[in-house]
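Written out below as structure tokens is the structure these notes cover.
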Amino acid sequence: MLQNIRVNKKRLQERLEIMAGFGKIVGQGITRIALSHEDKLGREQLIRWFGEEQCEVKIDAIGNIFAIRPGKRRELAPVLTGSHNDTQPNGGRFDGTLGVLAGLEILSVLNENNIELERDFIVVNWTNEEGTRFTPGCTGSGVWCGKLEREDMYALQDQTGTSLKQALQEIGFAGDAVGPSLPLHAAFELHVEQGPVLDKEKISIGIPEGIVSPHWYDIEIKGEANHAGSTPMSERRDPLQAFCRMAAEIRRLAVETEHLVATIGELHVNPNSRNVIPGQVRFTVDIRGWNQDATSRVCREVEQVITEISEEENCRVNIQQIWQEQRADFNPRLTKMVEESADKVGLSSKRMYSGASHDMLYINQVAPGAMIFVPSIGGKSHSPSEDTSYDDCAAGADVLLHCIVRTANEVDGRRGTIV
């Protein structure tokens with residue numbers, strides 16, 4: 001019986017479309033920024049759905065939402081899946097949300113088929129994965145894993161000066177429940193690839209070996225604001241000119257290094273006036289690489305070239321590395337299980353790595369973890385054009401279902417069978 005059970009694609013699609021209504025803007029894009037009013041509405045909908053599946057719902061002090069389906073042997077370590085429901089500004093409707101709603105769909109499948117699991121099964125919505133409003137991202141998972149200090153995260157502020165703690169309180173999600181405690185028996189996260197590989201190669205399931213090492217910088221260059229017409233070129237202390245040179249060097253260093261990317265995502269020029277030489281430039285740099293030694297080397301070289309160029313342009317510079325994590329290598333047994341489960345349901349698969357960061361970056365540090373990727377059409381993500389077919393969404397959820405049932409029925413050293 002179990003080997004024939006699949007998720008309900010129509011129900012999964014309907015829930016994805018309902019959730020896309022919270023924060024929908026003109027066109028296909030979604031703006032559901034962490035701890036915004038739109039995020040509040042999405043969270044409330046999740047809780048209604050979890051309630052319909054008769055789960056124990058807990059909200060912890062950082063706003064993580066846990067839906068717990070009790071197993072027969074509650075003393076055993078649970079199995080967990082989930083992701084995040086916040087989006088980028090004008091972002092996509094699958095990034096993060098698919099992983100949460102696929103977990104919800106599995107709850108529905110288990111309940112309607114009266115399937116009991118040996119272990120508790122938990123579906124989670126993590127707080128502020130994107131890090132758009134409050135930086136760094138992966139806040140909720142990092143706090144729950146003990147890798148980020150809760151009070152430090154409470155103190156984070158957005159551009160209006162609102163703290164993360166205030167934002168939690170304003171939307172009513174500063175919970176007082178104690179979430180599930182470690183250890184976990186296994187953790188899985190289903191996600192869209194956010195890259196072009198699976199779609200280009202017509203492969204159904206991606207199996208990441210791990211997540212690249214991320215390094216985030218905030219950089220400020222100070223020069224001297226002055227008149228654009230009457231200041232000779234030789235007398236200028238122009239931080240924007242310095243920035244342009246830095247940007248070219250950062251790109252060169254990234255292009256010359258295999259399996260590494262570097263992105264300047266934010267740029268702020270002050271006073272940002274047509275006829276004024278800027279006095280200050282602030283920008284961000286996001287460097288990610290699979291080879292940790294090569295990534296660390298490029299980071300050192302980027303810091304060095306920024307310092308040298310600022311001196312040559314007679315400017316002052318302040319370099320702050322605001323986030324750094326080691327590469328996450330996923331659990332080999334669980335990645336093999338994902339591969340076996342894909343094969344069992346007749347889906348092609350490919351080993352790869354994740355260039356994007358995910359909550360599994362932290363979860364994997366404290367529990368056996370693995371991820372499941374499904375294709376992103378055209379490799380687009382973090383944009384209104386992000387798209388994944390509902391057939392692929394359901395296929396990924398089927399693989400996840402197999403992995404959940406198998407691990408949640410592992411007892412006393414015996415391995416659960418593939419459903």
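Quick note: numbers below take in every heavy atom, side chains included, and nothing from hydrogens, waters or symmetry partners. Small disclaimer: the values here were computed from a predicted structure and weren't measured.
Checking T284, I287, I322, V285 one by one against W216, the side chain to side chain contact (heavy atoms under 4.5 Å, CB included) holds for a single residue, I322. Each of H185, R73, K72 was scored for a side chain to side chain donor-acceptor pair (under 3.5 Å) with E118, with one residue passing: K72.
Inspection of the N64 and W144 side chains reveals no N or O donor paired with an N or O acceptor under 3.5 Å. Checking T132 against Q88 by side-chain atom types alone, a donor-acceptor pair falls below 3.5 Å.
Looking at R288, its side chain never comes within 3.5 Å of a backbone N or O of T263 through a donor-acceptor pair. Checking side-chain atoms of R133 against main-chain N and O of L35 turns up a donor-acceptor pair under 3.5 Å. Of the possible donor and acceptor atoms, one in the side chain of T139 sits under 3.5 Å from a partner among the backbone N and O of P136. Between the side chain of Q292 and the backbone N or O of R327, at least one donor-acceptor pair lies under 3.5 Å. Between the side chain of T127 and the main chain of I62, a donor-acceptor pair closer than 3.5 Å is present. Between the D86 side chain and the E130 main chain, a donor and an acceptor come within less than 3.5 Å of each other. Although no hydrogens or angles enter the test, the distance criterion places no donor-acceptor pair under 3.5 Å between the side chain of Q45 and the main chain of L41. Counting only distance, with no hydrogens or angles, the side chain of D199 and the backbone of G378 share a donor-acceptor pair below 3.5 Å.
Using a 30° and 60° split on the angle between ring planes, Y362 and W323 fall in the tilted class, from 30° to 60°.
In this structure, N111 CG and E52 CD are separated by 11.5 Å, a value rounded to the nearest 0.5 Å. Between atom CE of residue M153 and atom OG1 of residue T135 there is a gap of 10.0 Å, rounded to the nearest 0.5 Å.
Taking the ring centroids of H191 and F94, they lie at or beyond the 6.0 Å cut-off.
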